[in-house]
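What's counted below: heavy atoms across the whole structure, side chains too, no hydrogens, waters or symmetry copies.
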Amino acid sequence: MRIIDLLSPKGIDLNVKVSTKEQAIDKLVSLMDATGKISDVAAYKAAVKKREEEGTTAMGEGVAIPHAKTSAVKAPGLAAMLVPEGCDYDTPDGEPAKLFFLIAAPNTEDNVHLDVLAQLSILLMDDSFRQNLMAAKTVEEFLKVIDDAETAKDAEVKEDSADGYTVLAVTACPTGIAHTYMAAEALEQAGKKLGISIKVETDGSGGAKNVLTADEIAGAKCIILATDTKVATARFDGKKVIQVKVADGIHKSEELVTRAAAGDGEVYHEAGGSKASEEEKGGVGHQIYKHLMSGVSHMLPFVIGGGILTALAFLVDTICGYGSVGADFGMVTPLAAFFKTVGGLAMGLMVPVLAGYIAYSIADRPGLAVGFTGGLIAANGNALVEFTHLDEMGGFQGFLANYLFNNSGNTVSGFLGGLAAGFLAGFIVLGLEKLCSKLPPSLEGVKPTLIYPLVGIFVISVLMYFIFNPIIGVINTWLSNMLLAISGAGLMILLGLILGAMMAIDMGGPINKAAYVFGTMCLGMAADNAAAANDYYMIMAAIMVGGMVPPVGIALATTFFPNRFTIAERNSTVSNYLMGASFITEGAIPFAASDPLHVIPATAAGAGVAGLLSTLFGCTLMAPHGGVFVFATVGNPLMYIVAWLVGSVVTMLLLALLKKPRPEYAAEKAEADAKKAAAKAAKASR
């Protein structure tokens with residue numbers, strides 16, 4: 001669908017005087033109404049304004065493209081206006097907006113608004129195109145500028161495709177709209193300027209477009225992969241490939257096209273990946289971030305789904321009158337037990353999935369089994385087996401029994417161990433691929449099905465059992481002894497600070513578990529020592545409030561400072577409020593895993609403040625779990641809530657201070673909105 005076909009002279013005004021966003025939207029909607037494309041003006045205007053509330057649609061360079069997909073639209077349409085004096089429209093560059101296009105899309109499965117948005121974004125990247133539109137004196141001249149630009153682009157494609165292409169490219173960003181098409185346009189313009197024929201495939205949210213054919217791949221000198229997410233690469237096996245970030249496709253387009261035309265790339269092999277330099281791939285830091293985000297994005301559904309089911313278990317038992325049954329809370333009634341069991345199983349997969357998909361990102365499919373196994377060992381610790389014939393075992397067998405099992409203690413390393421296991425597994429498999437590269441071709445089928453999983457699982461298991469898990473056991477023992485010493489010295493406020501912070505450092509890992517086990521131990525000691533029972537209950541209160549702070553503090557930050565977080569992180573806001581209220585600290589794990597240097601200090605500080613205030617206010621707790629569902633058992637509950645909220649706000653403010661605003665926020669917000677609208681439309685049509 002061409003842009004020119006969606007425009008009507010009735011929907012264009014080249015001399016508009018407005019000064020605010022509200023006035024600009026009102027004028028644009030009236031122009032759209034004049035085209036006859038909308039059935040309910042008020043409903044359509046409300047949809048456009050709702051989209052703007054979620055994030056500005058201004059692109060910068062004096063351009064804004066508001067849009068809405070709603071049942072109030074009868075047929076796809078465009079309206080356009082020029083504001084010669086400009087108006088304030090929350091533009092990313094702070095400059096007034098002068099050129100406006102308003103998109104109207106019906107609420108159907110067809111994502112016409114995505115296609116139009118992509119086409120407009122591509123055309124508007126051309127400075128001369130924008131200037132010609134803004135200089136148009138009549139509606140006819142305005143339409144001719146657009147028609148000429150689209151015709152010229154269509155001709156370029158036909159001319160290039162006649163004799164094949166010297167250079168091919170694929171562009172893809174994680175969310176699949178703005179940067180994907182901006183990189184494609186930049187590369188195409190660079191090819192045109194340099195006289196080098198180029199075809200670019202865009203892997204956007206609406207699927208792959210302008211797909212490269214086998215003949216085109218065979219005839220090209222080199223392929224540019226300007227991607228920040230996985231794309232189909234097996235088809236490029238044996239071809240020269242340059243791998244870069246999608247941002248380089250936008251900002252270094254001429255350099256990339258020149259290099260590709262000269263054949264300056266490394267031969268790509270699907271099994272082992274491209275041998276492109278780390279600089280071409282975006283640097284070591286960028287690669288680590290990509291691997292981390294692969295694990296975190298796959299882990300997130302397990303955290304949210306399992307966490308909410310567990311919270312429902314506490315809610316069911318509370319409603320049924322079992323809010324103060326102690327350790328059995330959440331497992332008393334059959335429905336609660338079902339929710340808690342299934343939720344626990346789902347959350348138990350968090351660390352294995354995290355490790356597995358980090359390894360997958362590094363070493364592709366062969367890394368999955370090795371990563372999952374390393375993550376399982378990190379999540380479960382060394383198996384605590386009772387050897388009945390230990391005295392009869394000598395030599396190596398006796399050493400294994402004592403070192404790995406009977407004397408291993410609590411060796412669960414949690415998500416920190418899972419991070420280590422994921423990266424270890426990925427590089428173990430890459431090492432195996434390199435070692436096996438000289439094997440006879442007849443053994444190619446044996447490598448991924450036998451050699452990589454067998455040797456890889458053995459190596460990662462040895463590393464986790466002999467090195468990482470025993471080290472964690474030593475740390476746990478030291479932490480427990482330290483806490484007992486502080487408790488014995490009567491330093492309750494200091495103990496509350498330390499315990500609260502410990503709950504937020506590794507969110508379910510060894511440090512968190514050491515604090516929690518210490519708290520449950522104190523509950524048992526309270527039953528045997530009535531004189532000191534109040535102190536023991538204060539310890540449990542500080543531990544639980546510290547564990548409730550990280551998810552809620554992060555949820556507050558995503559609510560009030562959304563430009564610091566990715567789309568996936570912002571989408572978990574509601575679930576984090578719920579998990580924090582339910583004392584499910586693990587809701588913060590995806591944030592800590594993706595940005596530990598900023599998130600962990602912020603959560604630990606907020607949780608520590610909450611623990612300190614809880615003990616300072618003399619708050620007590622007789623239940624080992626449950627969050628808000630067991631507040632009936634809290635001593636001094638009002639001040640306990642104050643401690644929780646203050647700690648959460650501290651975490652929010654520190655995150656806002658430590659995490660810098662993301663320049664991609666505006667574009668990502670527009671992309672996320674388009675995806676939500678498409679999903680909603682698809683659901684409505686079923």
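- Here the side chains of Asp595 and Lys659 are in contact, with some heavy-atom distance below 4.5 Å.
- Between the side chain of Asp317 and the main chain of Ala336, no donor-acceptor pair closer than 3.5 Å is present.
- Remark: Phe427 CZ to Ile460 CD1 distance equals 12.0 Å, nearest 0.5 Å.
- In this structure, Pro66 and Arg51 have side chains that are not in contact, with every pair of non-hydrogen atoms separated by 4.5 Å or more.
- You'll find the side chain of Phe631 stays beyond 4.5 Å of the side chain of Leu638, heavy atoms only.
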Pair up each side-chain donor or acceptor in residues 604-620 with any protein partner under 3.5 Å, not counting sequence neighbours, and list the distances.
residue : atom : partner : partner atom : Å
Thr615  : OG1  : Gly611  : O            : 3.2
Thr615  : OG1  : Leu612  : O            : 2.8
Thr620  : OG1  : Gly635  : N            : 3.3

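- At a cut-off of 3.5 Å, with distance as the only test, a side-chain donor of Tyr577 or Thr559 sits close to an acceptor on the other residue.
- To the nearest 0.5 Å, the span separating CG on Leu499 from CG on Leu495 amounts to 4.0 Å.
- The shortest distance between side-chain heavy atoms of Asn563 and Arg662 does not fall below 4.5 Å.
- Proximity of a side-chain donor or acceptor of Tyr360 to a complementary backbone N or O of Ala369 within less than 3.5 Å is not detected.
- Remark: the backbone N or O of Pro550 is not paired with any side-chain donor or acceptor of Thr603 at under 3.5 angstrom.
- Ala421 and Gly375 make their closest contact through CB-N, 4.0 Å (heavy atoms, listed as atom of the first residue, atom of the second, distance).
- Taking CE of Met502 as the start and CG of Leu497 as the end, the distance is 11.5 Å to the nearest 0.5 Å.
- In this structure, Ala378 and Gly418 approach most closely via the heavy-atom pair CB-N, 3.7 Å.
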Would Ile362 and Val429 count as a side-chain contact (heavy atoms from CB on, under 4.5 Å) here? Give the steps. CA-CA 9 Å; Ile362 295 171; Val429 173; over 6 Å; no
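- Across every non-hydrogen atom of Leu655 and Ala557, the tightest pair is CD1-CB, 3.8 Å.
- Side chain of Arg564 to main chain of Ala656: a donor-acceptor pair is present (N/O by atom type, distance under 3.5 Å, no hydrogens or angles).
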Please report the C-alpha distance between Phe468 and Ile377 in whole Å, then the side-chain angles of each, then the deciding distance to 0.1 Å, and finally whether the side-chain contact (heavy atoms from CB on, under 4.5 Å) criterion is met. CA-CA 10 Å; Phe468 288 92; Ile377 297 172; over 6 Å; no
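- Across all their heavy atoms, Ser361 and His291 have their closest contact at OG-ND1, 2.8 Å.
- Panel note: side chain Ser582, backbone Gly627; no donor-acceptor pair is recorded below 3.5 Å.
- Between Met503 and Gly546, the closest heavy-atom pair is CB-C, 3.9 Å.
- Between the side chain of Thr56 and the main chain of Asp90, a donor-acceptor pair closer than 3.5 Å is present.
- Looking at heavy atoms from C-beta onward, Thr373 lies in side-chain contact with Ser461 at the 4.5 angstrom threshold.
- Looking only at side-chain heavy atoms (C-beta outward), Asn576 and Ile554 come within less than 4.5 Å of each other.
- Checked by atom type and distance alone, the side chain of Tyr640 never pairs as donor or acceptor with a backbone atom of Val634 at under 3.5 Å.
- For the atom pair OG1 (Thr585) and CD1 (Ile505), the distance works out to 12.0 Å, reported to the nearest 0.5 Å.
- Side-chain contact between Met331 and Phe338: absent, with no pair of heavy atoms (C-beta onward) separated by less than 4.5 Å.
- Judged purely by distance below 3.5 Å, without hydrogens or angles, the side chains of Glu569 and Thr558 never pair a donor atom with an acceptor atom.
- Atom CG of Asn571 sits about 7.5 Å away from atom OG1 of Thr573, to the nearest 0.5 Å.
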side-chain contact (heavy atoms from CB on, under 4.5 Å) between Leu424 and Leu463: does it pass, once the steps are laid out? CA-CA 9 Å; Leu424 283 171; Leu463 290 173; 4.3 Å; yes
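- When all heavy atoms are compared, the tightest approach of Ala602 to Leu654 is CB-CB, 3.7 Å.
- Here OG of Ser572 is found 9.0 Å from CZ of Phe565. Values are rounded to the nearest 0.5 Å.
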Taking only distance into account, with no hydrogens and no angle test, what donor-acceptor pairs under 3.5 Å do side-chain atoms of residues 341-358 form with protein atoms, sequence neighbours excluded?
residue : atom : partner : partner atom : Å
Thr341  : OG1  : Ala337  : O            : 2.7

Pair Trp644, Val545 - check side-chain contact (heavy atoms from CB on, under 4.5 Å), show working. CA-CA 6 Å; Trp644 176 32; Val545 78; 3.6 Å; yes
